[in-house]
Each structure stands twice: as structure tokens, then as C-alpha cells.
Amino acid sequence: MAEMKETPTQPPRPGYAPGPIPIEAPERPWHRPEIPRNPSQLRPTIRIRLTLLYGGMFLIAGILLLGIIYLLTARALDDSNAGFRILEGYDMRLQSDVCPQVGQAQNISEFNSILDLCLADRRTAALNTLLHRSLGALVALAVLAFAFGYVMAGRVLSPLGRITRTARRVAGTDLSRRIELDGPDDELKELSDTFDEMLDRLERAFTAQQRFVGNASHELRTPLAINRTLLEVHLSDPGAPVELQQLGKTLLATNERSEQLVEGLLLLARSDNQIVERKPVDLAEVASQAIDQARSEANDKGVEIRGERKEAVVQGNGVLLERIALNLVQNAIRYNVPADGWIQVDTEAQHGQAVLVVANTGPVVPAYEVDNLFEPFRRLRTERTGSDKGVGLGLSIVRSIARAHGGTVFAVPREGGGLTIRVQLPQ
């Protein structure tokens, strides 16, 4: 019968300490079962709310405009009154302050002509006054309408801003964020709940993936450590045959490569998470420590290390940031020219960002191959198989850690061979 795989709930074997297996998080308090809706039930949807809002605003604006036009018309009619009055006397003459010419009329025909001209002038003046005042009232009413519409549109669309801010935080690999929108059961509430459910599924998928990689890496550590111990014990035997010693060294190198792969997978799984606890870290100090760790390897390969490291403080995890610098420096040393090679490590602060730049001499890298170098287990075509320079996770880990810190990584081929890799992290 095949041996059954040990489950996380079984007691550990003697002498074996399995890693902690995260417990499935309880259901979030905001989540509630989907309530079936009655199709005939009228919901306060966004369409209805916007219809009522803009219809009401149009109605109010129309009433205001009608009242303003009425008042302006009444005022214009008052101003256009000719103001005739009859003077007592034997000739019963007419007199008007607005049309003084009527008092000079000698007969009815002349009086009618003067009166028609005067009324035409007053009509034109009244229409011009009404037009000017109406335009002024329209401009003032338009300004008020736009201001009121801007405020009301902001209130209606404020849930969309909340959804956008949450989506932006999620884009920074913080899958624990939720919208949890309150308010009427409209389209925005339905969109928010759907988005929260999608985030729940994504978080569970990412958590399961990271837990699997972490558990698998931990399960592989113990047998690899046992193999290394047994090989070292056999290699320490002075009476062992030369062929056996050579085989042991080969197996030990293979075992060390497997351990590096397991450590890289475990670090890659951990670095995909958003960094919660941040402390001030100087990239110049981190880069100097990475150079000190890799200096012996650089001396063995005849690679010169140079550059200028200025202060560039970021908020992050010092161990992970040191891993960025160490991976870039080691890659620059290992993928270099056989003789007279060099790497340059520079750090500085630019425009609110801390920048780490690692450039090196090396083989010519086609521009279309640069993006592939950041994928796990991907190398140049000439280094994909049979390479002893690494396990193909170095740049993947660099990009993952940089993203966890909210930063970016760019790589550009150098003219004549080699790469220039630029890491930008927000300060």
C-alpha cells in the first residue's frame, strides 16, 4: 500500500519540526449572504437618483428663471410708460416727461406721429434693458447651477472614489483591503460587494499559493540538510577512494544548488506580501554590506567593484532590501566577462525616491530578452541549462521585493555587453 502523505493535523514525527501552517481566516464580518431581489421591486438605483436629481434641478432652475424674467419684464414695462397727463386749460393740451414733443403737436396727425416714434423708442429701450438683465441673471444662475451640480455629483460619485482608492491599494499587493460600502442598495453598492467578493477569492488564492510554496520549501529543507550532512561526513573520511570523493563533491554541489533553490522559493513566497512593518533603511549601507559579502567572489573572478554610494533612506524591511542589493551584485559578478570585468554600484536620492543602480560588463543581452530575465527560472539562452551561476530566481526575487515596497525595477542592456539595472523605491 502506498504511504499516505502526512496532513497538517497529524502530530509531528520524532526529530522533525514542521513549519507553521496558517489557519484559514474566519469569514469577514461585513460579508452577508446574497439576498434574492424581487424583479418587480423598485430599488433606489443610480439611474433613478440621477433622474430625480437632475430633473429637480432643471425644474428649480426653470422656476427661478421664470420668476426672474417676470420681474424684469414688469420692471421694463414700468420704465417704458410714457407718463402722459392732461394739462387744464382752454386747449386741453397733453404733456409727457418721457415724450416732451407731444406738447408741440399742432394737430391730431402730428400728435399721432410723435406718439408712435416715442413709443417705438421706449419699446426698443425696454427690450434692450430686458435682454441685458436677462443675460446677467442667466450667467449668475448658470454659475449657481454648475456649483450645485458639482457638489451633488461629488456626493453621488463619492462611492466610486472609495472604490478607486481601494483598487489602488490592492494594486500595491495589499489584498487585505476591502471597500465595505454602506448606503442604499443601488448599482454602486452592488459593484462594491462584487469587488469585495472578488478580492476575497484573490486573497484566498494568493494565500494558498504562498502557503504551498512555503510548506513545500520547508518540507524539502530537512532531507536536503540530511543529505548535506551525510555527504560531508563521507567526504571527511581520509580513507575514502578518490572516485567516491569526487562523486561526493559533485553530489554536494548538486545538493547545495537544491538548497539555494528552496531558499529562493521560500524568499520569493515571502517577498510577494506587502511590507507592514517599515523602518528607515539607508540603501547606501545596504549596498555596502552586499558588496562586502560578495567581495571575495569578485576577487576570485577578477571583477572590479566601483561606484559612489550616497545616502538614500527608504521606509522598508532591511533584510529584504539587503537581499535586493546582494542578488544584483552577485548576478553582476557571475554574469560578467572572463577578464577585466567590473561592476558599478551607485545609490542616491532623486525626486522623492531612493535609487539603486547596478551596472556591469558581461555578455551582450538582446533587448527582447530583458523582460524574460525577471521571470522565475529564466536565463539567457546560452545559460538556460547546465549553469552553475544560480537557480534563476535572483532577479525574480528582486522584482518581488521591490513591488512589495511599492517600487519598480528597470533593466537596460549596455552597449558592448552587460546590463544596467535600476531599482527605484519611494522614500
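Computation of the quantities below employed the complete heavy-atom set of this structure, encompassing side-chain atoms and omitting hydrogens, waters and symmetry-equivalent molecules. Since the structure is predicted, the reported quantities are computational estimates derived from the model, not experimental observations.
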Query raised in the report: Any side-chain heavy atom of V364 within less than 4.5 Å of one from P413?
Result: no

Closest non-hydrogen contact found for A312 with A349 is CB-N, 4.1 Å

Rounded to the nearest 0.5 angstrom, the CG-CG distance for L419 and N360 is 6.0 Å

Answer yes or no: is there a donor N or O on one side and an acceptor on the other, between the side chain of S396 and the main chain of F374, under 3.5 Å? yes

Any donor-acceptor pair under 3.5 Å from D346 side chain to E308 backbone
yes

In short, A298 meets I305 closest at the heavy-atom pair CB-CD1, 3.8 Å

Between the CG atom in L144 and the CG atom in L64, the distance rounded to the nearest 0.5 Å is 9.0 Å

Paired with L356, the side chain to side chain contact (heavy atoms under 4.5 Å, CB included) test is passed by just one of L321, I421, I324, namely I324

query: Got a sec: does the CG of D300 have more than 12 other heavy atoms crowding it under 6.0 Å?
result: yes

**Item:** Trace of the side chain to side chain donor-acceptor pair (under 3.5 Å) decision for R422 with Q424
**Value:** CA-CA 7 Å; R422 182 184 182 92; Q424 297 182 173; 2.8 Å; yes

Side chain T361, main chain V337, donor-acceptor under 3.5 Å: no

Rounded to the nearest 0.5 angstrom, the CG-CD distance for L235 and Q246 is 10.0 Å

Is the shortest heavy-atom distance from the side chain of T229 to the side chain of L231 under 4.5 Å? no

- Message: Are more than 12 heavy atoms, taken from residues, nucleotides or ligands other than E415, located less than 6.0 Å from that residue's CD atom?
- Response: no

Distance col, row H234:NE2 vs L244:CG, nearest 0.5 angstrom, shows 7.5 Å

Checklist entry - Do R309 and E348 sit within salt-bridge range, that is, some charged N less than 4.0 Å from a carboxylate O? => result no

TODO: Give a yes-or-no answer on whether the side chains of Q293 and E322 include a donor-acceptor pair shorter than 3.5 Å.
DONE: yes

So CD of Q353 and CG of L425: to nearest 0.5 Å the spacing works out to 8.0 Å

Check: Stepwise, does the side chain to side chain donor-acceptor pair (under 3.5 Å) test hold for N299 with E297?
Finding: CA-CA 5 Å; N299 294 335; E297 184 178 359; over 6 Å; no

Note: V423 and A402 closest approach over all heavy atoms is CG1-CB, 4.4 Å

Requested in this report: Could you tell me whether the side chain of R399 reaches within less than 4.5 Å of the side chain of E375, counting heavy atoms only?
Outcome: yes

Taking the basic N atoms (NZ, or NE/NH1/NH2) and the acidic carboxylate oxygens, is any pair closer than 4.0 Å for E256 and K249?
no

Heavy atoms of I397 and R323 approach each other most closely as CG2-CG, 4.0 Å

Given 3.5 Å as the limit, does a donor-acceptor pair link the side chain of D282 with the main chain of E311, or not?
no

Between the CG atom in L283 and the NZ atom in K310, the distance rounded to the nearest 0.5 Å is 14.0 Å

**Prompt:** Do V313 and V281 touch side chain to side chain, with heavy atoms closer than 4.5 Å?
**Reply:** no

**Asked** Would a distance-only check, ignoring hydrogens and angles, find a side-chain to backbone donor-acceptor pair under 3.5 Å from H405 to N317?
**Response** yes

Please tell me if the side chains of E232 and L252 come closer than 4.5 Å, counting only heavy atoms from C-beta onward. yes

Heavy atoms of A287 and A325 approach each other most closely as CA-CB, 4.1 Å

- Please examine the side chains of L373 and V365, heavy atoms only from C-beta on, and report whether any two atoms are closer than 4.5 Å. yes

Review point. Any donor and acceptor pair, going by atom type alone, linking the side chain of S236 with main-chain N or O of V233 inside 3.5 Å?
Key: yes

- Query: Any side-chain heavy-atom pair from V409 and L395 closer than 4.5 angstrom?
  - Reply: no

Handout entry: L251 side chain reached by L247 side chain, heavy atoms, under 4.5 Å
Key = yes

Of all heavy-atom pairs linking G406 and P426, the shortest is O-CD, 3.5 Å

